[in-house]
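To keep things clear, I will list the structure first and then write my remarks on it.
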Amino acid sequence: MKSYDHNKIEKKWQKEWEKKGLYKTPDTVKGKDNFNLLVEFPYPSGNLHVGHWYAFALPDILARAMRMQGKNVLYPIGFDAFGLPAENAAIKNKLNPRKWTEGNIKYMKEQIRSMGTSFDWSREVQTIDPGYYKWTQWMFLQFYKNGLVYRKETAVNWCPKDKTVLANEQVVDGKCERCDSEVIQKQMLQWNIKITDYADRLIDDLEPLDWPKEIKESQKNWIGRSEGAEIDFPLIFANDKKYKFVMLHGYKSKGESPRWKWLKSELEKFGHEVVIPTLPNTEHPKENEQVAAALNATTYDENTVLVGHSLGGLVAMKVAERLNNKIARLVIVASAMNPAYPGYVERPFRKDFDWDIDVEKIKAIAPNRVVLSDVQEITRAPYLKDLAKQLDAQLVETKAVKEHFMADKEPDMLMWLRPTIRVFTTRADTLFGATYLVLAPEHPWIMLALDEKHNVLSNKSEVKTYVEAAKKKTELERQTNQKEKTGVELKGIKAINPATGKEIPVYVADYVLGHYGTGAVMGVPAHDERDNEFANKYGIAIVETLEPVVVVTKGGDAIKAGQPFTDRNSILAIVKHWSEEKYLAVKYLPTDVKGFVSGGIEQNEDAVAAGKREIREETGYVHAKFIRKLGSTIHCKYFSDNYQKNMLVHFAPLLFELEDDTRGDVEPHEASRHEVTWMTEKEMDTFINREDMRIAWQRANGSSFYGGDGILANSGPFDGMTTEKGEKAIAQKFGSAKKTYKLRDWIVSRQRYWGVPIPMIHCPKCGAVPVPDKELPVKLPEVKDYLPEGSGKSPLAKAKKWVQVKCPQCKGKAERETDTLDTFVDSSWYFLRYTDPKNKKKFADAKKMQNWMPVDLYSGGAEHTTMHLLYSRFWHKALFDLGLVKDAEPYKRRMNRSIILGPDGQKMSKSHGNVIDPDEVVARLGADTVRMYLAFIGPYNEVSNYPWNPDGVVGVRRFLERIVRATEFVQDDASELLTTELQHTIKKVGNDVKALKFNTAISQLMIFLNLLEKTKHIGRTQWATLLLLLAPFAPHLAEELWSVAGHDTSIHLEPWPSYDEKLLLEKEMPIAIQINGKTRGEVFVASDATKETVEAAAREAVAARLEGKKILRTIVVPGRLVNFVVEE
RNA sequence: GCCGGGAUGGCGGAAUUGGUAGACGCGCACGACUCAAAAUCGUGUAUCGUGAGAUGUGAGGGUUCGAUUCCCUCUCCCGGCACCA
């Protein structure tokens, strides 16, 4: 072959391969291991850019090499084809999004083929195929049925331009990831998936995975686990009332369970009276008996809170109906269901109760009404919602799962019975220093307090104004105004610090976030920066409860490891000038510690006296006046040069002021050790170089906080404990250990057309009802236009006929859910479908999945680290818990690929005018060149961005042309000169490809070619070997040259060449000669030479340099170097 | 602020994980071929120095016979999180 016509060659072989079905992958092959190589499937945007080449053509090198190395390689592809761009294009050009998408897919397929990729197209998966999204819907329903999906009205990120809800991941710096418009907060009823239930496992299961550290760290940061404690702060009201709680238990109960007893004792602690009558005939309750018993048990007046749980809820309403005077409040907890409602489970007491409720009477008797409902109770929740509406009551939806009003520690209802605020803290050790409480504007208690039915706040309107203003702020505004903290005190209430028993003020402030922790924090101004700022602004008390412990680990006085510490009481004296704004700066010369006067307290001496004495001794000043103590003791661990011991010094920080400049003599020994100067405040700031000095200095200068670890003080029985111990002990006594996460639940509703319809039906009676499995898939309906309505309704609502359905439960009139699923749902399981793409009965056959899962290597973009990669891990775990997949983790190994920049080093973009069109380069230089250039540009498995260098591509093309020309050198007999190098090349290329270091593999091929061009002689077998090594990189050219060399089978079905370790050794090898570690020469020795021979040869080679010098030591590293250590 | 990753010629990068720093490619310079240019081929190409030689892997220190590689301190760049209690 003389010239290299890449166009002809590449088209020819692409056709040929397809005709032969060369890349069809069987599920298993006898004697071969399976290898699942996954790349992120593309969104069919319509144009293929260099990034696609980088994403698909490079893993293809690995796929081909591994096939040759005897693996059964699955290298599948598909299209993630739902999503906004199609819909936007449809709106703009009045197209059908499906047509637009399918057109793009067709076009992109051609382009992907033109790369010479070995994808198995027979396994192609498209998310828009109803045969695929049937299973997306099915999985969603499986999760729903297992309590992983819930519907909730939440403040969501709303993009006003795209008119859709965005996931947190799609909001970047408060702006829409797609269109850059500012995202606003909107209350909407959304479908959520409980990814937060998996937060711990999503972190912990990362540990054993073969993933780059940075990806693991990113995911951990994103999930943001922090471990701390939850502590309850009781509230007291200025218009404090003692109530009588009358609590009515439910069916088959006696009101004597630990739960009721506990409730009673808790409420009694706050001075309330609690009556829990045991209602008669509890196994076969009758209305009249029960109501009469309740009425006879006690009296009801305006101080009575009537509480009823389950059947007791119904009884409570009946009791209220019969009362003649008002009561303080009626609380209905998970009331027994009205049999008229769908989903009612037949109960024996049904007919013994009158289910008609006199709503108006109840309203009149109980002006303050609350209905507690458990959102997880699918059938009862709609009834309770209706009940709350009828009663015009506050509806409180709890998150508790199993026992419908039990939270993990106490009934959620208690929060509404007993005024308590629960905070989350990671610094329980500072609880005694909590001098105020802050609630987020979104805190449920605030909502309750602002309700018109309540009157606990004396400045209600002020609070209301603040809360409403805070809610209007976007996330972005809250972020940008973070420096200036604002808040409003809730007047009329106080909280009690459970540790000190003291009353502390309660604030609402938007520096506390509603969705994190419990939405409330304790303010510890002495030990937290933010709290300190807030307390200073609002004049809140600052109480130190932690004595700092400073450990010196660097500098002249760094502690010596393993040595014991000697305790000593000392003072630290900050001395102010008598007339100027200056301070006495002391540099301790032996260790270069810079700070203030300091020294030990002698026996029978108090701290102030010691201070005065030290000032006199170190500086000579006589008339120091004691001003004040600067807060708590500061402990410092350092190495004392004076005592030659590790010291644990307890400093009493003191502030003095000189009365005049009277100065006596300083003893010469002291003078030689201290350098004393006067410094301004500013100079002092930079002068101080030890943490204990700095803490004292900050205390002298007004407000300060200490946020580090220390020893507890002012903390009662916990005094003297370290932070670590105190944290545990205090958390245990006053609260409970608890973890909190930044990760929020995954909101999957999208108010757009081009997505998977959410397979739910809304029935006015039954509430949300899943579409029965046999009716799946719920296909996307045709609509006239795709414009979102803007009100938050999806365009699917326009398909009126489609929307109208029968309720699968009650067969009454119902409507379909019109929102579609987030596209990240579609891509959360596509890799499973590759294993069995055409299955109509299951999303994939279990055995077939086992052939290929988990994925051996997943290659993709760094941008998906906290999105797709996290979602799909969650999804897989959820499937795992349902027994639908075998592994807890889907991807064994993951690598993030880099980005190809424009020639100018900027990100490729039309506006920069630096976009490289791969089609143009392919037409000019060929697909093989483009593949190889991208492979050569740098290591594939490291993230660093490579600029496209147009000259570099030409260089690679030159290499391929030189390969073509080298056919002239092929001869019958082998070239001995090349033998060793070829062995070396087989080894290096093989190893480097496996390690994804395509760049060095190619460089080795180039080294070999350089040698071949010098030798001008290569044997036929040697040539064939070279072509085999080239095949994964330049599949078309290698195939062509293979065929030219006379083979009639495809090179891509050939096995990878093996090498012989023995042949790798050269007969002679160079040994570097060093003298004192510096290279001074080189000598060639036989590769099997003994140490002695090598040393002798080396000694001879540098004899001239060694002359007259004494050799102290000789180091011989076989095969590498000889180092002579000589006297200088 | 917290966490992670990185820094090697004019450029992309290499170095068998402690053993001759700068492989391979690009660029550049000179030469050959050519009337000329392009293409191609050859030679050179870390810095300073005519040279012997010296210096050199972000900066400084340490361990070692020997450090791009290990340890400490610092600077800068990139990425993730961020009023997260």
Side-chain angles (χ1 to χ4, degrees), chain A residues 212-226 228 423-427 430 434 438 440 478-485 509-513 515-524 527-531 533-534 553-555 558 707 740-743 862-863 865-866 896 905 933 936-939 942-956 958-959 961-962 965 987-988 991 997 999-1010 1013 1070-1082 1112-1126:
Chain A
K213 212 177 191 171
E214 62 269 22
I215 305 182
K216 292 185 181 180
E217 287 305 319
S218 290
Q219 290 209 346
K220 279 187 203 166
N221 284 342
W222 182 261
I223 296 167
R225 172 162 67 192
S226 71
V423 304
F424 173 75
T425 179
T426 52
R427 289 302 299 268
T430 63
V438 202
R478 275 220 209 174
Q479 253 169 48
T480 45
N481 296 336
Q482 59 182 255
K483 275 185 194 130
E484 183 63 19
K485 292 191 178 13
D510 68 0
Y511 84 87
V512 174
L513 308 172
H515 56 78
Y516 184 77
T518 59
V521 300
M522 62 185 203
V524 185
H527 302 294
D528 181 275
E529 187 176 9
R530 291 171 315 241
D531 297 344
E533 193 189 319
F534 192 80
T553 54
K554 52 186 180 183
T740 297
Y741 311 87
K742 286 179 197 162
L743 183 74
E863 69 276 16
T865 301
T866 53
N896 279 359
Y933 170 65
F936 187 56
I937 204 165
E942 278 170 31
V943 177
S944 74
N945 303 329
Y946 306 119
W948 176 279
N949 178 355
D951 291 320
V953 197
V954 175
V956 170
R958 271 204 286 265
F959 167 75
E961 282 174 4
R962 281 160 59 206
R965 258 178 275 138
K987 184 178 178 181
K988 177 133 180 85
N991 289 342
K997 298 199 167 175
N999 55 333
T1000 48
I1002 292 172
S1003 108
Q1004 182 57 37
L1005 290 172
M1006 288 171 166
I1007 290 169
F1008 184 82
L1009 180 65
N1010 288 346
E1013 280 175 341
I1071 300 291
I1073 307 168
Q1074 297 183 336
I1075 294 173
N1076 286 345
K1078 285 178 184 171
T1079 306
R1080 290 296 179 224
E1082 194 178 52
L1112 301 172
R1113 212 174 139 188
T1114 309
I1115 290 130
V1116 182
V1117 184
R1120 297 239 178 259
L1121 56 74
V1122 179
N1123 187 11
F1124 296 107
V1125 184
V1126 302

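Per chain, numbering begins at 1; letters A, B, ... match sequence-line order.
For A:Lys216, there are no salt bridge (charged side-chain N to carboxylate O under 4.0 Å, His left out) partners at least two apart in sequence or on another chain. Residues passing the salt bridge (charged side-chain N to carboxylate O under 4.0 Å, His left out) test with A:Glu1082, sequence neighbours excluded: none. Annotation: salt bridge (charged side-chain N to carboxylate O under 4.0 Å, His left out) contacts of A:Asp528 (sequence neighbours excluded): A:Arg530. Judged as a side-chain hydrogen bond (donor to acceptor under 3.5 Å, both in side chains), and not counting sequence neighbours, A:Thr425 has no contacts. With sequence neighbours excluded, no residue forms a side-chain hydrogen bond (donor to acceptor under 3.5 Å, both in side chains) with A:Glu217. Legend: residues meeting side-chain hydrogen bond (donor to acceptor under 3.5 Å, both in side chains) with A:Asn949, ordered by chain and number and at least two apart, are absent. A:Glu961 pairs by the side chain to side chain contact (heavy atoms under 4.5 Å, CB included) definition with A:Tyr4, A:Arg957, A:Arg965, not counting sequence neighbours. In this structure A:Glu214 satisfies the side-chain hydrogen bond (donor to acceptor under 3.5 Å, both in side chains) test with no other residue, sequence neighbours excluded.
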**OP:** Indicate for each nucleotide in nucleotides 3-16 of chain B, in 5' to 3' sequence, whether protein heavy atoms under 4.0 Å reach the base (B), only the sugar-phosphate (S), or nothing (-).
**Re:** BSS------BSS-B

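Side-chain contact between A:Trp222 and A:Lys742 is absent, with no heavy-atom pair separated by less than 4.5 Å.
Rounded to whole Å, the P atom of B:U55 lies 44 Å from the corresponding atom of B:A37. Atom name P, nucleotides B:G56 and B:U68: the rounded distance is 10 Å, in whole Å. For B:G79 and B:A67, the P atoms lie 35 Å apart once the distance is rounded to whole Å. Between B:A54 and B:C2, the two C1' atoms lie 45 Å apart (nearest whole Å). Rounded to whole Å, the separation between the C1' atoms of B:U45 and B:C35 comes to 31 Å. Straight-line distance between the C1' atoms of B:G9 and B:G22: roughly 7 Å, to the nearest whole Å. Remark: the separation of the C1' atoms in B:A59 and B:G53 is 26 Å, to the nearest Å. B:U20 and B:G10 have their C1' atoms separated by 25 Å, given to the nearest Å.
Summarising the geometry, the separation between CH2 on A:Trp222 and C1' on B:C2 is reported as 16 Å, rounded to the nearest angstrom. The nearest whole Å value for the distance from the CG atom in A:Leu1005 to the P atom in B:A23 is 18 Å. Rounded to an integer number of Å, the gap from NZ of A:Lys1078 to C1' of B:A54 is 9 Å. Between A:Tyr516 atom OH and B:A85 atom P there is a gap of 4 Å when expressed in whole angstrom units. Between the CG atom of A:Asn896 and the P atom of B:G80 there is a distance of 12 Å, rounded to whole Å. Residue A:Leu1112 contributes atom CG, which lies 11 Å from atom P of B:C65 at whole-angstrom precision. Straight-line distance from the CZ atom of A:Arg965 to the P atom of B:A39: 13 Å, rounded to whole Å. The nearest whole Å value for the distance from the CG atom in A:Asp951 to the P atom in B:A39 is 10 Å.
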**OP:** Start with the C-alpha distance between A:Trp948 and A:Ile937, add both sets of side-chain angles, then the distance that settles side chain to side chain contact (heavy atoms under 4.5 Å, CB included), and finish with yes or no.
**Re:** CA-CA 8 Å; A:Trp948 176 279; A:Ile937 204 165; 5.6 Å; no

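Judged by distance alone, with hydrogens and angles left aside, A:Asn1123 brings a side-chain donor or acceptor within reach of the base of B:C65, the pair sitting under 3.5 Å. Side-chain atoms of A:Lys742 stay outside donor-acceptor range of the base of B:C81, with no qualifying N/O pair under 3.5 Å.
Between B:G66 and A:Arg1080, no contact under 4.0 Å exists linking OP1 or OP2 to a side-chain N or O. At the phosphate of B:A23, neither OP1 nor OP2 sits under 4.0 Å from any side-chain N or O atom of A:Asn1010. Between A:Arg958 and the phosphate of B:C26, there is a side-chain N or O to OP1/OP2 separation shorter than 4.0 Å.
Base orientation of B:G9: syn, since the glycosidic angle falls within 90° of 0. In this entry the base of B:U17 is syn relative to its sugar, with a glycosidic angle within 90° of 0.
Here the side chain of A:Tyr946 pairs a donor or acceptor atom with the backbone of A:Pro939 at under 3.5 angstrom.
Within 4.0 Å of A:Arg225, counting heavy atoms only, lies no atom of the nucleic acid at all. A:Ser218 comes within 4.0 angstrom of the backbone, heavy atoms only, and of no base. Within 4.0 Å (heavy atoms only), A:Gly224 reaches no atom of the nucleic acid at all. Residue A:Glu529 is classed as having no contact, given no heavy-atom separation below 4.0 Å to the nucleic acid. Counting non-hydrogen atoms under 4.0 angstrom, A:Leu1121 reaches a base of the nucleic acid. Within 4.0 Å (heavy atoms only), A:Val521 reaches at least one base atom of the nucleic acid.
Stem regions for RNA chain B, each three or more consecutive Watson-Crick or G-U pairs with both distances under 3.5 Å and listed by first number, read B:1-7 with B:75-81, B:10-12 with B:24-26, B:27-32 with B:40-45, B:46-48 with B:53-55, B:58-62 with B:70-74.
Around the CD atom of A:Glu1013, the shell of radius 6.0 Å holds more than 12 heavy atoms that belong to other residues, nucleotides or ligands.
Picking from B:C83, B:G19, B:C41 the nucleotide with the shortest atom distance to the side chain of A:Lys485 gives B:C83. The listed nucleotides are B:C24, B:U20, B:G19; the one nearest the side chain of A:Ala1072 is B:U20.
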Between the protein and nucleotides 42-47 of chain B, list every N/O to N/O distance that falls short of 3.5 Å.
none

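Here the closest non-hydrogen pair linking A:Val524 and A:Asp531 is N-OD2, 2.9 Å.
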Table please: side-chain donor-acceptor pairs of residues 1001-1009 of chain A below 3.5 Å, with sequence neighbours left out.
| from | atom 1 | to | atom 2 | distance (Å) |
| --- | --- | --- | --- | --- |
| A:Ser1003 | OG | A:Thr1000 | O | 3.4 |
| A:Gln1004 | NE2 | A:Glu981 | OE2 | 2.9 |
| A:Gln1004 | NE2 | A:Thr985 | OG1 | 3.1 |

